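Since the structure is predicted, the reported quantities are computational estimates derived from the model, not experimental observations. In listed order, ligands and their atoms are each counted from 1.
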Amino acid sequence: MLSIHNLCAYPIIQAPMAGGATTAELVAAVSNAGALGSLAAPLLTPLAIIEQAEHIRRLTDKPFAINLFVQSRPQIDVAKVEAAKQLLQPVCEALGLSALPTPTRWCEDFEAQLDALITAKPAVASFTFDVLHGSQIQRLHEAGILVVGTATNLQEAIVWQAIGADAICLQGTEAGGHRGTFIGRQEDSTLSTMDLLAACQPHLQVPVIVAGGIMDGQDMAAALAAGADWVQMGTAFLSCKESGIHAAYKQRLFNATTDTTRQTRAFSGRIARGLDNRFIQMMAEVAEQVPAYPVQNALTGAIRSAAAKDEQTEFMSLWCGQGVARVRDLGAAELVQALVTEWQAAS
Ligand SMILES: Cc1cc2nc3c(=O)[nH]c(=O)nc-3n(C[C@H](O)[C@H](O)[C@H](O)COP(=O)(O)O)c2cc1C
């Protein structure tokens, strides 16, 4: 029987992080160090998913995970897109950008990505933003792939368990990046990682992974002592040497001395946590009016690329969690080793 237990030496998952962080080098270094590396594939074409998996396999023979956003093709309302572009006009002017292009593609085709993931055959496939159909879980299981579903509230955790997930990743509000909420309003799923664990655990028979604000071995020991089976850490791995984020973004992480993160839907149309900056502030008043993911995410793509090219971090999405002030300047293997040493000392 497939089981997430004993998949690797340590109960640590390097979180999937879309946008360039999870290079093949990062994923492989984490898996080689005895934890589970995850490739974020939500923004990758099906071909890139296969190529990235092959690249990882050239660097490690250990298990790894591939992650996708569960999403359907958006219905495009041209008038609403034009209105959304108008909301972004002040930002374009501040950046010296002329007219914002209308994207020709709003997101990747999920079904084609899932086919590619099954062909790539990682040990684990993790999903966020929605739940899979039973038939999709069956296909993954038939391919020998374990399924992890993300939940931000009890109802979502129960739905993932009922449909056949092999483990549930509980994402607390401290977490960096996008909220995975798919039942109820995103702004209503506000439990912290430990409170979410306490709320869900009595109802779950499958292994539980917790994510959000876990930065060191002490945090890890506390989560495991409270009943979690695994921890999933994003921000802690975001600053690793192998992480592929822009150097200026990485520097902003190192500069953080306290939690200056905010949750915003202004960048993508879905609530996500990142460092506060001018883009978030300029869009604060209209953030509720922007179109839902993936439309706003695609629209702001040109802004984020232009800002990255000019190293203008005030207009880049600097996703990270509330533990950002505790990031370290280490290689991934060193970080895994430090976490294990701290965890063992604290247990
Ligand atoms: C930069 C960044 C990108 C992220 N992208 C994804 C993603 O593609 N898929 C996903 O399931 N979670 C994504 N997340 C959320 C993580 O899986 C995880 O919930 C979060 O990092 C945990 O909180 P922490 O950052 O405080 O460790 C992302 C997080 C960050 C920081």
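A 4.5 Å side-chain heavy-atom check between V208 and L170 finds at least one atom pair inside the cut-off. Within the 4.5 Å cutoff, the side chain of M17 has no heavy atoms near those of the W319 side chain. Here the side chains of C8 and S31 are not in contact, with every heavy-atom distance at 4.5 Å or above. Residues M220 and E342 have side chains not in contact (no heavy-atom distance under 4.5 Å, counting atoms from C-beta outward). Between F69 and E108 there is no side-chain heavy-atom pair separated by less than 4.5 Å.
The part of F69 lying near ligand 1 is the side chain, judged by heavy-atom distances below 4.0 Å. For M17, heavy-atom contacts with ligand 1 shorter than 4.0 Å involve the backbone as well as the side chain. The proximity of F237 to ligand 1, defined as any non-hydrogen pair under 4.0 Å, does not occur for either the backbone or the side chain.
For D219 and R326, the salt-bridge test passes: some basic side-chain N is under 4.0 Å from an acidic carboxylate O.
Below 4.0 Å from some heavy atom of G213 lie the following atoms of ligand 1, by number and element: 23 (O), 24 (P), 26 (O). Those atoms of ligand 1 that come under 4.0 Å of a heavy atom in M233, given as number and element, are 27 (O). Near Q171, the atoms of ligand 1 lying under 4.0 angstrom from a non-hydrogen atom of the residue are 15 (C), 19 (O). Listed by number with element, the atoms of ligand 1 under 4.0 Å from a non-hydrogen atom of A211 are 19 (O), 22 (C). Heavy-atom proximity to G177, at under 4.0 Å, picks out these atoms of ligand 1: 29 (C), 30 (C), 31 (C). Per-residue contacts place T128 under 4.0 angstrom from the following atoms of ligand 1 (heavy atoms of the residue considered): 10 (C), 11 (O). Every atom of ligand 1 with a heavy atom of Y249 under 4.0 Å away is listed here by number and element: 1 (C).
Nearest protein neighbour of atom 31 (C) of ligand 1, counting heavy atoms only, is G176 C, 3.7 Å. What sits closest to atom 21 (O) of ligand 1 on the protein, heavy atoms only, is G234 CA, 3.3 Å. Shortest contact from atom 25 (O) of ligand 1 to any protein heavy atom: T235 OG1, 2.5 Å. Among protein heavy atoms, atom 16 (C) of ligand 1 sits closest to A15 CB, 3.7 Å. Shortest contact from atom 11 (O) of ligand 1 to any protein heavy atom: N67 ND2, 3.0 Å. Distance from atom 5 (N) of ligand 1 to its nearest protein heavy atom, with residue and atom name: A18 N, 3.0 Å. Residue, atom and distance of the protein heavy atom nearest to atom 17 (O) of ligand 1 are Q232 NE2, 3.1 Å. Distance from atom 28 (C) of ligand 1 to its nearest protein heavy atom, with residue and atom name: P16 O, 3.7 Å.
Between A21 and ligand 1 there is no heavy-atom distance shorter than 4.0 Å. Using a 4.0 Å cutoff on heavy atoms, G212 counts as a contact of ligand 1. Under a 4.0 angstrom heavy-atom cut-off, P42 registers as being in contact with ligand 1.
For T102, the side-chain contact (heavy atoms from CB on, under 4.5 Å) partners two or more places apart in sequence, or in a different chain, are V81, E82, K85, W106. With sequence neighbours excluded, the residues satisfying side-chain contact (heavy atoms from CB on, under 4.5 Å) with E51 are L47.
Note: F267 and F279 meet the aromatic proximity criterion, with ring centroids under 6.0 Å apart.
Side-chain N or O atoms of R270 include one that pairs as donor or acceptor with a backbone N or O of T181 at under 3.5 Å.
Residue L44 is grouped with residue F127 when hydrophobic side chains (ILVMFWY) are merged at heavy-atom distances under 4.5 angstrom, including chains of intermediate members.
Of the inter-residue distances, the one linking L197 atom CG with L191 atom CG reads 11.0 Å to the nearest 0.5 angstrom.
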